[in-house]
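Here the structure is a predicted model, which is why all the values come from computation and not from measurement.
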Amino acid sequence: MASSKRLKPPHFLKVLFETPFRTKNPNTGGHLEEATGWGMDAAGRGPLNQAGSYIGVAIIQLATIDAGCADVGPARCPNRIYGFRPSSMLTMASVITGVTSALLMPFIGAVVDHTRHRKTVGILTAILVCAITGFQIAISIDTWFACLIAEMFGGFALIMHFMSVMAYLPD
């Protein structure tokens, strides 16, 4: 039979990474584990957001070079690459990510709200977002399109992660 005992991190990790985010209930003085986790998650999203800013600019610049418009820039590039102007690549990716998320949100939301897999969805989507962001370090003139596709999957995973994290707020 599986143990229901909760795994605890080593004390030094708890002091370094969890203590700054500890949140106390003003009425009881006890620690609010969900609020602590939410604070840690929100702090972790900051570097991911900054990496996304870098990747977005790099994708537009590399698409412009690949389209043959390195001398005029993305805003004035009349050429198309993969059927789109280089300046429209991120907008197109955002639309695909948004529509896909909107279509799948009811199904994944049902899993998050009505099963015991809320935490699992949150963990798996966080790992996926970090892995995709790590993959995007390899962005170059040869890999920018693969990084754009990865950005769409990462954006979808991030939206699903937000959904699982926001489900803890009413608690």
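- Rounding to the nearest 0.5 Å places CD1 of Ile59 at 12.5 Å from CG of Asp66.
- Taking every heavy atom of both residues into account, Ile65 and Ala70 meet most closely at CG1-CB, 4.0 Å.
- When only modelled atom types and interatomic distance are considered, Thr100 and Thr97 share no side-chain donor-acceptor pair under 3.5 Å.
- When every heavy atom of Arg22 is checked against every heavy atom of Thr36, the shortest pair comes out as CA-OG1, 3.6 Å.
- A donor-acceptor contact shorter than 3.5 Å is absent between the side chain of Asn25 and the backbone of Gly30.
- Atom-to-atom distance recorded for Asp71:CG and Cys77:SG is 9.0 Å, nearest 0.5 angstrom.
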Taking only distance into account, with no hydrogens and no angle test, what donor-acceptor pairs under 3.5 Å do side-chain atoms of residues 124-139 form with protein atoms, sequence neighbours excluded?
from   : atom 1 : to     : atom 2 : distance (Å)
Thr125 : OG1    : Val121 : O      : 2.7
Thr125 : OG1    : Gly122 : O      : 3.1
Thr125 : OG1    : His161 : ND1    : 3.1
Thr133 : OG1    : Val129 : O      : 2.8
Gln136 : NE2    : Cys147 : O      : 3.1
Gln136 : NE2    : Glu151 : OE1    : 2.8

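- Using a 4.5 Å cut-off between side-chain heavy atoms of Ile, Leu, Val, Met, Phe, Trp and Tyr, with links allowed through other members, Val57 and Ile141 fall into different hydrophobic clusters.
- Closest non-hydrogen pair, Pro47 versus Gly44, comes out as CD-O, 3.3 Å.
- Follow the hydrophobic side-chain contacts under 4.5 Å out from Ile96 and you reach Leu90 in the same cluster.
- For the pair Gln61 and Pro74, the minimum side-chain heavy-atom distance is 4.5 Å or more.
- To the nearest 0.5 angstrom, Asp113 atom CG is 6.0 Å from Arg118 atom CZ.
- Inter-residue side-chain proximity for Leu32 and Lys24 is flagged as unmet; no heavy-atom pair is nearer than 4.5 Å.
- Under a hydrophobic clustering in which Ile, Leu, Val, Met, Phe, Trp and Tyr are joined whenever their side-chain heavy atoms come within less than 4.5 Å, directly or via other members, Ile149 and Phe156 fall into different clusters.
- Taking CG of Asn79 as the reference point, atom OG1 of Thr64 lies at 10.0 Å (rounded to 0.5 Å).
- Rounding to the nearest 0.5 angstrom, the gap separating the CD1 atom in Ile108 from the CE atom in Met163 is 5.0 Å.
- Among residue pairs with one or both ends in residues 42-84, those qualifying as ring pair (Phe, Tyr, Trp, His ring centres under 6.0 Å) are Tyr82-Trp144, Tyr82-Phe145; sequence neighbours excluded.
- Interatomic distance, Ile60 CD1 to Ile55 CD1, rounded to the nearest 0.5 Å: 12.0 Å.
- Of all the heavy atoms in Met160 and Met105, the pair that sits closest is CE-CE, 4.0 Å.
- Note: the hydrophobic cluster containing Leu148 also contains Phe153 (ILVMFWY, side chain heavy atoms under 4.5 Å, direct or indirect links).
- Scanning both residues, Ala63 and Met89, for their nearest heavy atoms gives CB-CG, 4.3 Å.
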